[in-house]
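What follows is a single structure, written as C-alpha cells, with notes after it.
Below, all heavy atoms of this structure are taken into account, side chains as well, without hydrogens, waters or symmetry copies. Within every chain, numbering begins at 1; the chains are lettered A, B, ... in the order of the sequence lines, protein sequences first and strands thereafter. These figures come from a predicted structure and were not determined experimentally.
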Amino acid sequence: MMEMRYWLMKSEPSDVSIDDLASMPDQTVAWYGVRNYQARNFMRDQMRVGDRVFFYHSTCEEPGIAGIAEVSKLAYPDATQFEPENKYFDPKATPENPRWFNVDVRLIKKTRLVGIKELRGYPELANMRILQKGNRLSITPIDPAEWDFIMGIL
DNA sequence: GCCAACGTTGGC
DNA sequence: GCCAACGTTGGC
C-alpha cells in the first residue's frame, strides 16, 4: 500500500475560496497557477491520488485552514501556461515541453476556520513550514503527527 | 500600505 | 558562477 501523504495548499479566497470549491462541479478544482519550482515538484513528483490536503486561505482578513480536501487527479500540464491572455501564461512553455503542472483537488469537508494565530499557539505545530518566518511556499508537506493533531482540534 | 524574506533574472 | 536588482508573497 502506498504511503499516505499530507499537504497544506494555500489559496487566496478572492481567487478560490473553500465555498467556491464547494460549489464547483464535483467539488473539484485544478490547482492552476503555481509558478514556483519547489511547489510544482511537490505536485508533479510526490502527490498521489488520495493524499490529504489542508485547504488554507492566505492573503485575506482571516488567514488559516478552512477545510480538508484530497488529491483527486495526478499532476498534468497546467493549461494556463499555454494561454497568452492568461496572467499565468509562460512564453517558454510548450505543449511538447510543459514547464508547469497541477493536480486536481476535491473537497472533503469545510471545517471551522483555524487561524494562523491559533496555529501559532500550539507547541505541537511549532515546526510547521507555514509558521516559519519568511515562509512563502504555497504548497508544503505536513507531518502525519501534525495532521493528526490538527484533525483533533477541528 | 508596509516590509521582511525569498526566488528569479541577467550582466559580467 | 557570482550577485545586485527586481518582483512577488503574505502576515501584519
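Across B:dG7, B:dA4, C:dG11, the shortest atom-to-atom separation from the side chain of A:Ser58 is found for C:dG11. When distances run from any side-chain atom of A:Thr59 to the nucleotides C:dG10, B:dA5, C:dC12, the shortest one goes to C:dG10. Distance from the side chain of A:Arg136 is smallest to C:dT8 among C:dT8, C:dC12, C:dG10. Checked against C:dC12, C:dT8, B:dT8, the side chain of A:Tyr37 finds its nearest nucleotide in B:dT8.
Rounded to whole Å, the distance from NZ on A:Lys133 to P on B:dC6 is 9 Å. In this structure, the OH atom of A:Tyr88 is 18 Å from the P atom of C:dG7, given to the nearest Å. The CG-P distance, from A:Leu8 to C:dG10, rounds to 11 Å in whole Å. Separating the CG atom of A:Leu137 from the P atom of C:dG11 is a distance of 13 Å, rounded to the nearest angstrom. Distance A:Ile139 CD1 to C:dG10 P: 11 Å, rounded to the nearest Å. Atom-to-atom, CE of A:Met128 to P of C:dG11 comes out at 12 Å; the value is rounded to the nearest Å. Going from atom CD of A:Gln38 over to atom C1' of B:dG7 covers 10 Å, rounded to whole Å. Straight-line distance from the CG atom of A:Leu131 to the C1' atom of B:dA4: 17 Å, rounded to whole Å.
Between C:dG10 and A:Lys10, a contact under 4.0 Å exists linking OP1 or OP2 to a side-chain N or O. Considering only side-chain N and O atoms, A:Tyr56 lies under 4.0 angstrom from the phosphate OP1 or OP2 of C:dG11.
Salt bridge A:Asp90/A:Arg99: present, at least one basic N to carboxylate O contact under 4.0 Å.
Among the heavy atoms of the strands lying under 4.0 Å from A:Arg120 are primed sugar atoms or P, OP1, OP2 only; no base atom is included.
Seen from the ring of A:Tyr76, A:Lys73 counts as a face-on cation partner, given the 6.0 Å and 45° thresholds.
With A:Gln81 contributing its side chain and A:Pro98 its backbone, the two residues share no donor-acceptor pair below 3.5 Å.
Side-chain contact between A:His57 and A:Ser17: present, with at least one pair of heavy atoms (C-beta onward) separated by less than 4.5 Å.
Screening A:Leu8, A:Ile139, A:Asn135 for a side-chain contact (heavy atoms from CB on, under 4.5 Å) involving A:Arg129 leaves a single residue, A:Asn135.
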